[in-house]
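Along the sequence shown, residues are numbered consecutively beginning with 1. Just so you know, these numbers use all the heavy atoms, side chains as well, and skip hydrogens, waters and symmetry mates.
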Amino acid sequence: MYLLYIDESGTSSIPGNTSHFVLAGLSIPIWQWKNCDRAISNIKHPYGMGDAEIHTAWMLRKYPEQQKIPDFSNMNYTERRREVSKIRTAELLRLQRGSSKTYKQTKKNYRNTNDYIHLTYDERKQFVLEIVKCISNWGFARLFAECIDKCYFDPFRTSQDVDTQAFEQIVSRFEHYLKNKSDQKNTLYGLLIHDNNETVARKHTALMKTFHKNGTLWTKINNIIETPLFVNSELTSLVQIADTCSYAIRRYLENGEQELFSHVFQRADRINDTVVGMRHFTCSTCNCDICSNH
């Protein structure tokens, strides 16, 4: 049995606020699950992360409150958290007297970054780098991704929306991977594990039922069992790792950021030297690493 942990980066709406939408899935054999989970926990511990969720996009933002605290980097974690919390509390109290929209957005930003306020920006960058280096060494893992440049996506031509195309591509490639690893004596099966979102859960469950019945555009589905299992990413470290992979891919395609991408790209599913697990849906002249190796 192989588990495929799935998460996304960017918005699937057009135009949305990102130029790309990336749906990524990281597959591991079920017997490696405990080792992978333990490896992630071992990286988290020295950074005081404990059971905190890894949400890469929120981790790699700069927190202006930290710049206002003298000698912040020389404080211990408890002192840092106390000082940042004081500034944030004062700011929320101030904003309550002004725009409700600004207050709500600031409160959301604070909530989503609260687990990381004891780490400097450089420490957060180093933490994420350790995570992707760890992933790159998982020789048993395979990365699948559909990366859609929305400037070149025509929903009228494809008769699909961005999210549907991405999910169908991920399912098709994972199915081919399982078939290729199976033989006459052993049939390998896979299960999709997806970050929980009520709207996406309903949609992807319905899509998967259709794929089981009719196949995708590319293949019949015989090796992937059931509909996706939707879990709370806060409680499941491997879904958090899928989030890191999708983020690294999107930032590379949108901004040319190589450092994180170069590590996760090592795990892309390949046949010989050809990348078959990832696709960049864009113009025909693109020479990014994904297109060049596809």
Side-chain angles (χ1 to χ4, degrees), residues 1-13 21-34 36-37 40 53-56 135 138 140-148 160-182 187-247 249-250 264 267-269 276-279 281:
M1 171 73 78
Y2 281 70
L3 306 175
L4 184 71
Y5 293 91
I6 301 173
D7 205 355
E8 63 192 46
S9 184
T11 58
S12 59
S13 58
F21 175 76
V22 176
L23 188 67
L26 187 70
S27 169
I28 63 167
I30 197 168
W31 56 90
Q32 290 286 0
W33 172 83
K34 182 69 74 175
C36 293
D37 189 63
I40 300 305
E53 179 178 6
I54 303 169
H55 199 303
T56 311
I135 297 168
W138 290 349
F140 49 80
R142 293 295 179 271
L143 181 63
F144 304 88
E146 175 74 353
C147 320
I148 298 176
Q160 291 181 321
D161 58 24
V162 168
D163 178 63
T164 299
Q165 174 173 302
F167 185 63
E168 183 177 33
Q169 288 285 337
I170 291 288
V171 168
S172 299
R173 290 183 199 138
F174 187 43
E175 175 70 22
H176 280 301
Y177 172 72
L178 295 170
K179 286 177 180 175
N180 290 338
K181 288 188 70 69
S182 298
T187 300
L188 297 181
Y189 294 98
L191 177 67
L192 310 178
I193 303 177
H194 206 307
D195 183 26
N196 192 26
N197 174 295
E198 186 176 345
T199 303
V200 172
R202 216 178 290 119
K203 181 176 181 179
H204 285 191
T205 297
L207 281 171
M208 199 64 208
K209 287 180 178 178
T210 301
F211 296 158
H212 277 301
K213 183 178 179 180
N214 303 320
T216 69
L217 180 63
W218 313 100
T219 182
K220 293 291 185 182
I221 303 300
N222 296 314
N223 295 64
I224 300 175
I225 66 169
E226 262 290 355
T227 55
L229 174 64
F230 290 88
V231 298
N232 186 343
S233 62
E234 184 179 351
L235 306 175
T236 310
S237 62
L238 273 299
V239 171
Q240 297 168 30
I241 298 308
D243 168 80
T244 300
C245 291
S246 61
Y247 173 88
I249 296 166
R250 184 177 64 82
V264 302
R267 296 275 55 86
D269 187 36
V276 296
M278 297 173 64
R279 181 179 72 158
F281 184 91

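F281 places none of its side-chain heavy atoms less than 4.5 Å from the side chain of Q169. Between E168 and E146 there is no side-chain heavy-atom pair separated by less than 4.5 Å. Counting heavy atoms from C-beta outward, I224 and F211 have side chains that stay 4.5 Å or more apart. Contact annotation: the side chain of I193 never approaches that of L238 to less than 4.5 Å [non-hydrogen atoms, C-beta and beyond]. When side chains are defined from C-beta on, I241 does not count as touching Y5, because their heavy atoms never get closer than 4.5 Å. Annotation: side chain of D269 is not in contact with side chain of R173 (no heavy-atom distance under 4.5 Å). Under the 4.5 Å side-chain criterion, counting only non-hydrogen atoms from C-beta, D195 is not in contact with E8. At least one side-chain heavy atom of L26 sits under 4.5 Å from a side-chain heavy atom of L143.
Of the possible polar contacts, none joining the T205 side chain to the R202 backbone as a donor-acceptor pair under 3.5 Å is found. With hydrogens and angles ignored, the 3.5 Å screen pairs no side-chain donor or acceptor of D243 with any backbone N or O of H55.
Atom CG of L191 is separated from atom CD1 of I30 by 8.0 Å, given to the nearest 0.5 angstrom. Put simply, NE2 on H212 and CD on E226 are 7.0 Å apart, with the number rounded to the nearest 0.5 Å. Taking NE2 from H194 and CG from L229, the interatomic distance works out to 11.0 Å, rounded to the nearest 0.5 Å. Separating the OH atom in Y177 from the CG atom in L188 is a distance of 8.5 Å, to the nearest 0.5 Å. Here SG of C245 is found 12.0 Å from CG of L23. Values are rounded to the nearest 0.5 Å. Taking OG of S233 as the reference point, atom CG of N196 lies at 8.5 Å (rounded to 0.5 Å).
In terms of heavy atoms, M208 sits closest to T227 at CG-CA, 4.0 Å. The two atoms that bring S9 and R250 nearest to each other are OG-NE, 2.7 Å, heavy atoms only. Shortest non-hydrogen contact noted between T199 and N197 is N-OD1, 3.0 Å. Here the closest heavy-atom approach between residue L178 and residue G190 is recorded as CD1-N, 3.5 Å. Counting all heavy atoms, side chain and backbone alike, L207 lies closest to F167 at CD1-CD2, 3.9 Å. The shortest heavy-atom contact between H176 and W218 is NE2-O, 3.9 Å.
With ring centers used as reference points, W31 lies under 6.0 Å from Y2.
Between K203 and D163, at least one side-chain N (NZ, or NE/NH1/NH2) sits under 4.0 Å from a carboxylate O, which counts as a salt bridge.
Between the side chains of S182 and T187, no donor N or O sits under 3.5 Å from an acceptor N or O.
Within 6.0 Å of the NZ atom in K179, the count of heavy atoms belonging to other residues, nucleotides or ligands exceeds 12. More than 12 non-hydrogen atoms from other residues, nucleotides or ligands lie less than 6.0 angstrom from CZ of F140.
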Stepwise, does the side chain to side chain contact (heavy atoms under 4.5 Å, CB included) test hold for I135 with R267? CA-CA 8 Å; I135 297 168; R267 296 275 55 86; 4.1 Å; yes

Passes side chain to side chain contact (heavy atoms under 4.5 Å, CB included), T216 versus E175? Steps please. CA-CA 10 Å; T216 69; E175 175 70 22; over 6 Å; no

Might you work through the side chain to side chain donor-acceptor pair (under 3.5 Å) test for T219 and S172, ending with a clear yes or no? CA-CA 6 Å; T219 182; S172 299; over 6 Å; no

